[in-house]
Enquirer: 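Right, I'll just put the structure down here and ask away after.
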There are 2 protein chains.
Amino acid sequence: MPRKRSYSRVTRQALTMLGKLIRIGRAERGLTAQELADRAGISRTTLSSIEKGAPGPEIGIVFEVASLVGLRLFESDERMLQVHSSRVDEKLTLLPKSVRHAVKEVDDDF
Amino acid sequence: MPRKRSYSRVTRQALTMLGKLIRIGRAERGLTAQELADRAGISRTTLSSIEKGAPGPEIGIVFEVASLVGLRLFESDERMLQVHSSRVDEKLTLLPKSVRHAVKEVDDDF
DNA sequence: TACCTTTGTTCATTCAAATGGACACAGCTC
DNA sequence: GAGCTGTGTCCATTTGAATGAACAAAGGTA
């Protein structure tokens, strides 16, 4: 099956935003594209598409680049955890192990 | 050239964290892995590795899934902009168009 | 000004991400 | 308990991301 993808506006915005923040971070640190690419172990071409906000690059690479220029993402909590107001692992273990759906209507007989 | 990659601890942590948040978000919305995968237009296998925090998946897909379960990433600013305390595009245009390095020492002759 | 570094972009090749089918098993539901 | 549903994982195949070289153009520097 063909593999054409579509992305929501929110996603595209987030990608563009992240790309710009990386670009700014790189400039603030006085790094050329080549230098940052080398440090991240990727090619300048890939870094370019990351800064452009392309959806294709691997998330690991993007996060690596982001951290290299000093961006804080989900750094083991802080912001994200405050937002979700509880510890993640705790929440995870309390969760049912699988999502089960009602077989029919639960009780809709009047 | 071979393409083996290494990721910093921060990156791996961020990936794991994001994966867990997605998993929690999915559970809270009562979605099965298959359902969420369908909505995102990806396979259940890929969703699985995303929730595991694998570095390989495309960032566009991960962000799409994240937004589908209600996670806020860089939603055109809010947190991130507060953190960086200024508007991004403004900062971008003020930046020098290219990073130039000093040819030698600027003035180191004593 | 001329020079040279940085960047944006294209392109063919390489290689791993994404797929989908399969299977075992955990864990709800009755 | 039996039965079914959701999940984790494997694997062969497909397809697109990552690469690196190349070139033009923009933009600092002398």
Enquirer: Flag yes if A/Val99 and B/Val65 sit in one hydrophobic cluster, no otherwise; membership is Ile, Leu, Val, Met, Phe, Trp, Tyr, and two members link when side-chain heavy atoms are under 4.5 Å apart.
Expert: no
Enquirer: Nearest whole angstrom, please: distance from the P of D/dT19 to the NZ of B/Lys4.
Expert: 15 Å
Enquirer: Side chain to side chain contact (heavy atoms under 4.5 Å, CB included) with B/Arg12: which residues, sequence neighbours excluded?
Expert: B/Tyr7, B/Arg9
Enquirer: Identify, with sequence neighbours excluded, every residue that meets side-chain hydrogen bond (donor to acceptor under 3.5 Å, both in side chains) alongside B/Ser48.
Expert: none
Enquirer: Under the rule for side chain to side chain contact (heavy atoms under 4.5 Å, CB included), what residues qualify as partners of A/Ala27, not counting sequence neighbours?
Expert: B/Leu95
Enquirer: Per the end-axis method with five pairs at each terminus, what is the bend angle of the helix from C/dT1-D/dA30 to C/dC30-D/dG1, to 10°?
Expert: 60°
Enquirer: Taking CD1 from A/Ile59 and P from D/dA18, how many angstroms apart are they, rounded to a whole number?
Expert: 12 Å
Enquirer: Below 4.5 Å, heavy atoms only, C-beta onward: do A/Ile22 and A/Val62 meet side chain to side chain?
Expert: yes
Enquirer: Could you encode protein contacts along nucleotides 22-28 of chain D as a string, one character per nucleotide from 5' to 3', using B for base contact, S for sugar-phosphate-only contact and - for no contact, with a heavy-atom cut-off of under 4.0 Å?
Expert: B----BS
Enquirer: Are A/Lys91 and B/Glu28 within salt-bridge range, i.e. N to O under 4.0 Å?
Expert: yes
Enquirer: Going from CD on A/Glu58 to CD1 on B/Ile59, what distance comes out if it is rounded to the nearest 0.5 angstrom?
Expert: 11.0 Å
Enquirer: What residues, two or more places apart in sequence or in another chain, satisfy side chain to side chain contact (heavy atoms under 4.5 Å, CB included) together with B/Thr46?
Expert: B/Ile42, B/Ser43, B/Ile50
Enquirer: Can a side chain N or O of A/Arg5 be found less than 4.0 Å away from OP1 or OP2 on D/dA17?
Expert: no
Enquirer: Which residues in residues 46-57 of chain B have a heavy atom closer than 4.0 Å to any atom of DNA chain C?
Expert: B/Thr46, B/Gly56, B/Pro57
Enquirer: Base, sugar-phosphate or nothing for A/Gly60? Non-hydrogen atoms, less than 4.0 Å.
Expert: nothing
Enquirer: Is there a donor-acceptor contact under 3.5 Å from the side chain of B/Glu35 to the main chain of B/Thr32?
Expert: yes
Enquirer: Among all residues two or more places apart in sequence or in another chain, which pass the side chain to side chain contact (heavy atoms under 4.5 Å, CB included) test with B/Ser98?
Expert: none
Enquirer: Round to a whole Å and report the spacing from CD of A/Glu64 to P of D/dA17.
Expert: 21 Å
Enquirer: Can you work out whether A/Arg23 or B/Ile61 has the more 5'-proximal nearest nucleotide on DNA chain C?
Expert: A/Arg23
Enquirer: With sequence neighbours excluded, give me every salt bridge (charged side-chain N to carboxylate O under 4.0 Å, His left out) pair touching residues 36-56 of chain A.
Expert: A/Arg23-A/Glu51, A/Arg26-A/Glu51
Enquirer: Return whichever of B/Gln34 or B/Glu58 has its heavy-atom-nearest nucleotide of DNA chain D closer to the 5' end.
Expert: B/Gln34
Enquirer: OP1 or OP2 of D/dG6 versus the side-chain N and O atoms of A/His101: is any pair under 4.0 Å?
Expert: yes
